[in-house]
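Have a look at the structure below before the remarks.
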There are 2 protein chains.
Amino acid sequence: MKLEQVREKILNSLKNQTMCLVVGNCFVSYTGRASSKLPRGKRLLMIKADSSVSIHENRLVRPTNYMTSAKTSCELTEVDLKKGKELLIISKNKAKEILEIIFYSVDDIKVYDLPMSNDLRLSGSEKELNDALMDDLEFLEPGLKPINQQQVFRTGVCDIIAEDKDGKLVVIELKRRQADYGAVTQLKRYVEQVEKLKNIKTRGILLAPDIRKSAMELLKSYGLEYYSYDFEVGERSKIKGIGKSQQKITDIF
Amino acid sequence: MKLEQVREKILNSLKNQTMCLVVGNCFVSYTGRASSKLPRGKRLLMIKADSSVSIHENRLVRPTNYMTSAKTSCELTEVDLKKGKELLIISKNKAKEILEIIFYSVDDIKVYDLPMSNDLRLSGSEKELNDALMDDLEFLEPGLKPINQQQVFRTGVCDIIAEDKDGKLVVIELKRRQADYGAVTQLKRYVEQVEKLKNIKTRGILLAPDIRKSAMELLKSYGLEYYSYDFEVGERSKIKGIGKSQQKITDIF
DNA sequence: GCTGGGAGAGGCTTA
DNA sequence: TAAGCCTTTCCCAGC
């Protein structure tokens, strides 16, 4: 396939905001946060309507090379024939990252008119579980009353602040998957933040489906608490059961 | 395009380990770690030789839906015509995640014979910088002698352990980008690990191009140290300059 | 623009 | 298999 033709099609695709797929023998070079070279080989280039670029090999979900558009909007600054027999494509972004693709030959180029939609409806996110929990904190521990959700601290956003039956403040950090060191230290930070702010001893509860063993040890050493819980994914996610510490109680209801 | 034809091509592509691209009107449903629905719409389906699956909309580098093959190898368990006018594709993996794709119509299907290669050569990774630093620790601080690299602890892998001019143990954690809370708590863990093991007071140095302000405060509160450094990405990444604390010294050489 | 943090994180390495 | 962690993480929300 003629590279000049390919060039025209890419430029047109950019103008029309269609998705453009190019398969061919290429070399890719990236410089930015790191630098990389992808030696000559047959790959798939994908250019989307937002000018994001991906180069895919025939394995793994993630592209080997790419230029994202979300944070530092990127732009194709060059689509040009060099020496009459190389198609040079350059993408740059505001962070001064540069992606260079050289096509030596192109097997196929396809342009598809796909909408720039963004219509995935996901459920089972942490926010959703958070809301479900907020609706019924008693479920977690009798006498627990919600005070605040998504309280913004200087050091992050605290999931839930509550008050227990003895009037003690309780900071709750919810995780939708196995809790790791990060979850524990995060909770620790928030508890300290609250204690400093209110100048009063505060409890910290980590709520997660599971916790890594060493994270559990760290948590204990910090004097924090852990509850496990089960949840069901579906239209609206539901918290099913809560168990103290390592004991997991399923289907309390 | 006839769905029966599409079905045949997909099955053939799977057998031949070629990359298969399908563009058409589809509905996608996912259940696993979370659950999601992607309403009817025109999208690109990509099936790779390792059976990984991605559904791409016309924006962003990341696919809206996918099934990864790396950790929990996935498999296309079904590619079938339903009611004669729907093409149902189901992918499952060992983690019991399920991705269902229903095509109502297909605009185009393409099969490309790409190698399953994995030949990206990346430089500027943390490991590389680590090696560069290990080669000349004096660079960081006069009298600093390397003892161990990638020392494995129960709680993680410590980048570098060294001994300073006073014979004191020094744990070094290197980051290739702005250090955050995680970096600080990580270093803290390793220092504590060493102190416990050797029963001797140990220094901890965080080395990063930059550090977030609150991470810096946390670091100080832990009595740890921070050095900034610059590096150059290229064929072989090079550490260019080191500055104590917030002061950044560039191009010492 | 910076910061913090979630994500169906992905994917790799070592125990 | 599980844990730990690096990633050009990507991407978004809040300030």
Side-chain angles (χ1 to χ4, degrees), chain A residues 30-36 52 54 59-72 74 93-99 118 120 122-130 150 152-159 173-178 180-183 186 189 210-215 233, chain B residues 30-36 50 52 54 59-72 93-95 97-99 118 120 122-130 150 152-159 173-178 180-183 186 189-190 210-215 233:
Chain A
Y30 160 78
T31 313
R33 283 164 287 179
S35 90
S36 74
S52 63
S54 315
R59 60 190 290 273
L60 301 183
V61 162
R62 278 176 67 93
T64 42
N65 280 102
Y66 52 88
M67 190 66 98
T68 58
S69 69
K71 276 174 72 176
T72 45
C74 60
N93 67 15
K94 283 192 286 184
K96 293 185 178 175
E97 297 184 283
I98 302 173
L99 180 69
N118 172 25
L120 183 76
L122 182 83
S123 77
S125 65
E126 185 182 299
K127 191 187 175 319
E128 222 183 52
L129 294 173
N130 218 317
Q150 300 298 107
V152 177
F153 291 138
R154 207 171 37 77
T155 70
V157 180
C158 172
D159 282 344
E173 179 62 32
L174 179 75
K175 291 294 170 201
R176 62 181 303 291
R177 46 181 180 146
Q178 189 184 51
D180 55 16
Y181 286 124
Q186 201 182 345
R189 277 206 309 281
D210 192 11
I211 186 168
R212 290 186 189 174
K213 238 180 130 204
S214 5
V233 297
Chain B
Y30 159 79
T31 311
R33 284 165 287 181
S35 88
S36 75
D50 60 356
S52 63
S54 315
R59 61 189 290 273
L60 302 183
V61 163
R62 276 175 68 93
T64 43
N65 280 102
Y66 52 88
M67 191 66 95
T68 58
S69 69
K71 278 172 70 174
T72 44
N93 66 15
K94 281 192 287 181
E97 297 184 282
I98 302 174
L99 181 68
N118 173 24
L120 184 75
L122 182 82
S123 77
S125 65
E126 188 183 297
K127 186 181 178 327
E128 221 182 51
L129 294 173
N130 218 318
Q150 300 298 108
V152 177
F153 291 139
R154 207 171 38 81
T155 72
V157 181
C158 173
D159 283 343
E173 178 62 32
L174 179 75
K175 290 295 168 200
R176 63 181 303 289
R177 49 181 180 146
Q178 190 184 50
D180 55 17
Y181 285 124
Q186 201 181 344
R189 272 204 314 279
Y190 300 153
D210 193 11
I211 186 168
R212 290 187 187 173
K213 236 180 130 202
S214 6
V233 297

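Numbered from 1 within each chain, the chains take letters A, B, ... in sequence-line order.
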Taking atom C1' in both C:dA7 and D:dC6, what distance in whole Å separates the two?
-> 16 Å
How long is the line joining OH of B:Tyr30 and C1' of C:dG10, in whole Å?
-> 13 Å
Sidechain-backbone polar pair: B:Asp50 side chain, B:Ser69 backbone, donor-acceptor under 3.5 Å = no
What protein N or O atoms touch nucleotides 11-15 of chain D N or O atoms at under 3.5 angstrom, if any, and at what distances?
residue: D:dC11; atom: OP1; partner: B:Val61; partner atom: N; Å: 3.0
residue: D:dC11; atom: OP1; partner: B:Arg62; partner atom: N; Å: 2.9

Could you state the CE-P distance from A:Met67 to D:dT8, rounded to the nearest angstrom?
-> 13 Å
Give B:Thr155 one of three labels, base, sugar-phosphate or nothing, depending on what nucleic acid heavy atoms sit under 4.0 Å from its own.
-> sugar-phosphate
Starting at atom CG of B:Asn65, determine the distance to atom C1' of D:dC10, rounded to an integer number of angstrom.
-> 16 Å
Base, sugar-phosphate, or nothing for B:Ser123, non-hydrogen atoms under 4.0 angstrom?
-> nothing
In whole angstrom, give me the gap between the P atoms of C:dG11 and D:dC11.
-> 14 Å
Nearest-angstrom distance from the residue atom CG of B:Asn130 to P of C:dC12 = 20 Å
Between the base of C:dG4 and the side chain of B:Asp180, is there any donor-acceptor pair under 3.5 Å?
-> no
Could you tell me the separation between the CZ atom of B:Arg154 and the C1' atom of D:dG4, rounded to a whole number of Å?
-> 13 Å
Looking at B:Gln178, does any N or O in its side chain come under 4.0 Å of the phosphate oxygens OP1/OP2 on C:dT3?
-> yes
Quick one: does NZ or CZ of B:Arg189 land under 6.0 Å from the six-membered ring centre of B:Phe153, within 45 degrees of the ring axis?
-> no
Between B:Tyr66 (OH) and C:dG11 (C1'), how many Å, whole number?
-> 12 Å
Atom-pair distance (CG on B:Leu129; P on D:dT7), nearest Å = 9 Å
For B:Leu120 against A:Thr64, the heavy-atom pair lying closest together = CD2-O, 3.8 Å
Using side-chain contact (heavy atoms from CB on, under 4.5 Å) as the criterion, list what pairs up with A:Val157, not counting sequence neighbours.
-> A:Gln150, A:Val152
Select base, sugar-phosphate, or nothing to describe what A:Gly156 touches, counting heavy atoms under 4.0 Å on all strands.
-> sugar-phosphate
Rounded P spacing from C:dG8 to C:dG4 in Å = 22 Å
Excluding sequence neighbours, so at least two apart, what forms side-chain hydrogen bond (donor to acceptor under 3.5 Å, both in side chains) with A:Glu128?
-> A:Ser237
With B:Lys127, which residues qualify under side-chain hydrogen bond (donor to acceptor under 3.5 Å, both in side chains), at least two apart?
-> B:Asp131
Taking the same atom, P, in D:dT8 and in C:dG5, what whole-Å distance lies between them?
-> 23 Å
Side-chain N or O of A:Gln186 closer than 4.0 Å to phosphate OP1/OP2 of C:dG6 = yes
Of the candidates D:dT9, C:dG6, D:dG4, the side chain of A:Ser214 sits closest to D:dG4
Where the side chain of B:Arg177 is concerned, which of D:dT1, C:dA9, D:dT9 is the nearest nucleotide?
-> D:dT9
Got a sec, which residues hit side-chain contact (heavy atoms from CB on, under 4.5 Å) with B:Asn93, two or more places apart in sequence or on another chain?
-> B:Met67, B:Thr72, B:Cys74, B:Ala95, B:Glu97
Identify, with sequence neighbours excluded, every residue that meets side-chain contact (heavy atoms from CB on, under 4.5 Å) alongside B:Val61.
-> A:Ser52, A:Ser54, A:Pro63, A:Tyr66, A:Thr68
At under 4.0 Å, does any side-chain N or O of A:Arg33 touch on OP1 or OP2 of D:dT9?
-> yes
Return the value, rounded to whole Å, for the distance between atom CZ of A:Phe153 and atom C1' of C:dG5.
-> 15 Å
Take B:Lys94 and B:Ser125, find for each the nucleotide of DNA chain D with the closest heavy atom, and name the residue whose nucleotide sits nearer the 5' end.
-> B:Lys94
Assign A:Glu97 to base, sugar-phosphate, or nothing according to its heavy-atom contacts below 4.0 angstrom with the strands shown.
-> base
Could you check whether B:Glu173 gets within reach of a base, just the sugar-phosphate, or nothing at all, counting any heavy atom under 4.0 Å?
-> sugar-phosphate
Given that B:Arg212 and A:Lys127 both sit by DNA chain C, which one's nearest nucleotide is further toward the 5' end?
-> B:Arg212
Is A:Lys175 near enough to C:dG6 that one of its side-chain N or O atoms lies under 4.0 angstrom from OP1 or OP2?
-> yes
Which heavy atom in A:Ala34 sits nearest to a heavy atom in B:Arg176, and how many Å separate them?
-> CB-NH2, 3.4 Å
Using a cut-off of less than 4.0 Å, is there contact between a side-chain N or O of A:Arg189 and OP1 or OP2 of C:dG5?
-> yes
